[in-house]
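These numbers were taken from a predicted model, which means no experiment stands behind them. Chain letters run A, B, ... following the sequence lines, proteins first, then strands; residues in each count from 1.
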Protein chains: 2
Amino acid sequence: MAEIQSLARGLKILNLLEQARDGMGTTEVAKEMTIDKSSASRLLHTLANYDYVVQDDSSARYQLGPRLLTLGQRVLDRISLRDRARPFLDKLVDATGECAHLAILAQRQALYIDQVESSAALRVESEIGTLSPLHCTALGKAMLAFGDGAMPDSLRPFTQRTITDQAVLQAQLLQIRQRGYAIDDEEYNYGVRCVAAAVHDHRGLLLGAIGISGPAGRVTLERIDDFGALVRQVAGDLSAKLGFVAGC
Amino acid sequence: MAEIQSLARGLKILNLLEQARDGMGTTEVAKEMTIDKSSASRLLHTLANYDYVVQDDSSARYQLGPRLLTLGQRVLDRISLRDRARPFLDKLVDATGECAHLAILAQRQALYIDQVESSAALRVESEIGTLSPLHCTALGKAMLAFGDGAMPDSLRPFTQRTITDQAVLQAQLLQIRQRGYAIDDEEYNYGVRCVAAAVHDHRGLLLGAIGISGPAGRVTLERIDDFGALVRQVAGDLSAKLGFVAGC
DNA sequence: TGGCTTGTTGCTAAATATACAACATTGTTT
DNA sequence: AAACAATGTTGTATATTTAGCAACAAGCCA
């Protein structure tokens with residue numbers, strides 16, 4: 001499978017710009033990619049011609065362009081699961097007072113495709129579009145448990161509690177299948193606990209997962225199983241609405 | 001300014017896929033681009049390697065990939081105006097019961113970057129990320145009136161009421177500058193009226209516009225000036241919060 | 001089965017992109 | 001202020017890369 005080099009380079013530049021907080025200059029891009037300034041310049045111009053990047057008027061630095069926003073939104077629109085799931089996310093927020101999320105599998109990670117905030121006052125940056133590892137998030141583990149059996153390649157630790165042993169993970173996935181919900185007990189971010197359950201389509205295939213997340217102070221270990229039962233119930237209702245018949 | 005051909009072709013393919021409702025096959029892409037199948041195949045593979053497209057398991061057809069969602073969201077995150085404007089959009093929805101929108105200028109069009117729905121029950125597809133013409137939308141005209149004076153190249157008609165004459169448009173822009181708000185009276189979509197006002201930064205430069213839109217039955221011509229005063233007021237409050245001192 | 005379409009892979013000619021260099025432009029330092 | 005440094009852009013020739021052709025493989029339908 002031969003790659004088209006210049007296209008690949010262009011896409012790599014977009015990946016670079018994603019990281020850069022406030023843009024990158026031509027020379028900077030060239031250095032990072034270990035290509036010549038002139039090549040970087042021409043690639044960036046081509047990207048700019050199609051609005052995939054924009055150059056700041058004053059600083060002449062390049063940033064990701066509005067075209068990506070448009071295209072990204074198209075990806076979202078195509079995921080009808082998102083529309084169907086929204087009322088169920090609202091339900092979770094109403095019942096728990098915590099944030100609710102919807103994710104699907106993409107690039108062997110959990111791709112957040114919707115989010116409902118618990119309080120409009122406390123507004124955080126949207127996590128929609130972000131990718132998270134599967135082995136240490138509730139949404140991810142719920143999808144692993146009911147997925148096609150493919151395991152993540154590496155169990156990278158993020159906190160002290162992150163599961164790094166395949167056997168331990170396998171055991172927990174079995175438990176998740178039995179209980180119907182997955183828990184992330186500060187395994188990804190300190191001070192944050194999450195509960196999630198898988199969503200299935202009419203053929204029983206895994207579609208994604210929904211869940212809630214909140215500060216460990218509110219989502220306590222005493223309450224977490226109640227939350228689990230709730231999330232499992234709501235995820236089941238959603239699956240049912242999508243035509244999934246439990247026990248099939 | 002020489003364009004890198006293969007990169008440009010890759011980007012054009014993404015543009016194509018944006019239009020295709022349920023994906024495109026290799027041959028289809030090749031035909032549409034008037035390039036060889038083999039070239040299309042290799043370009044698509046490269047795009048797929050970086051998750052800019054995905055091929056459906058069963059049909060082998062290509063669709064826009066999750067990477068675009070991630071990148072698009074980064075574009076949104078960078079627009080801090082969006083965070084600052086959100087409470088003001090909420091205010092507009094509370095006061096009018098109609099949908100509120102925030103847009104900025106991009107690619108000489110109005111790029112919608114946020115939206116607040118009037119009723120959670122009635123959920124339409126998100127317009128975030130979509131581009132609309134400037135000369136026949138309230139948000140667009142508000143930005144034209146307070147922008148750098150650059151006019152749209154063509155005044156394409158969308159409805160019977162769309163302004164297609166430069167002189168008429170210029171006259172209306174003057175009026176908008178005087179009144180402080182712009183109106184779209186079924187000039188873009190039949191049965192929809194919109195009201196919008198410009199948002200400025202601390203130096204008085206145009207940042208974007210906010211406004212409301214609703215069915216002509218509710219947003220009547222009698223009420224529209226009241227809505228206009230309201231939108232102008234709220235947009236002014238937002239500008240003030242961003243450091244804009246009126247009269248500077 | 002036999003035609004039909006679609007997707008992928010070798011191969012070589014030929015177009016294309018690359019790096020080098022020179023130049024223009026901006027900002028910085030003494 | 002003036003020289004300097006750093007950045008971005010534009011020719012140009014070489015050499016790499018890509019494009020199209022053709023053959024092949026795989027699925028689909030009648």
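Under the 4.0 Å criterion applied to side-chain N and carboxylate O atoms, D114(A) and R86(A) are assigned as salt-bridge partners. A salt bridge between E187(B) and K141(B) is present, with a side-chain N of the basic residue lying under 4.0 Å from a carboxylate O of the acidic one. Using a 4.0 Å cut-off between a side-chain N of Lys or Arg and a carboxylate O of Asp or Glu, R67(B) and E18(A) qualify as a salt bridge.
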Check nucleotides 13-20 of chain C against the protein and report each pair of N or O atoms closer than 3.5 Å, with its distance, or say if there are none.
{"residue": "dT16(C)", "atom": "OP1", "partner": "Q5(B)", "partner atom": "NE2", "Å": "3.3"}
{"residue": "dA17(C)", "atom": "OP1", "partner": "Q5(B)", "partner atom": "N", "Å": "2.4"}
{"residue": "dA17(C)", "atom": "OP1", "partner": "S6(B)", "partner atom": "N", "Å": "3.2"}
{"residue": "dT18(C)", "atom": "OP1", "partner": "R9(A)", "partner atom": "NH1", "Å": "2.9"}
{"residue": "dA19(C)", "atom": "OP2", "partner": "D36(A)", "partner atom": "N", "Å": "3.3"}
{"residue": "dA19(C)", "atom": "OP2", "partner": "S39(A)", "partner atom": "OG", "Å": "3.0"}
{"residue": "dA19(C)", "atom": "N7", "partner": "S38(A)", "partner atom": "OG", "Å": "3.0"}
{"residue": "dA19(C)", "atom": "N6", "partner": "R42(A)", "partner atom": "NH2", "Å": "2.9"}
{"residue": "dC20(C)", "atom": "N4", "partner": "S38(A)", "partner atom": "OG", "Å": "3.3"}

Filtered N/O pairs between nucleotides 23-27 of chain D and protein, under 3.5 Å:
none

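Atom pair E28(A):CD and dT9(D):P shows a separation of 14 Å (rounding to whole Å applied). At whole-Å resolution of the value, CG in L44(B) and P in dT6(C) are 15 Å apart. Atom pair R61(A):CZ and dG8(D):C1' shows a separation of 13 Å (rounding to whole Å applied). Spacing between atom NE2 of H45(B) and atom P of dT6(C) amounts to 17 Å, rounded to whole angstrom units.
Within the structure, every side-chain polar atom (N or O) of S41(B) is placed at least 4.0 Å from both OP1 and OP2 of dG7(C). Contact annotation: Q55(A) side-chain N/O to dT9(D) OP1/OP2 distance is under 4.0 Å.
In terms of the ring-ring contact (aromatic ring centres under 6.0 Å, His included) criterion, H135(A) has no residue partners (sequence neighbours excluded). Under the salt bridge (charged side-chain N to carboxylate O under 4.0 Å, His left out) criterion, D153(B) pairs with R108(B), not counting sequence neighbours. With sequence neighbours excluded, the residues satisfying side chain to side chain contact (heavy atoms under 4.5 Å, CB included) with Q170(B) are M151(B), L173(B). For E28(A), the side chain to side chain contact (heavy atoms under 4.5 Å, CB included) test picks out M24(A), R61(A), with sequence neighbours left out.
A side-chain N or O of S6(A) and one of S6(B) form a donor-acceptor pair less than 3.5 Å apart.
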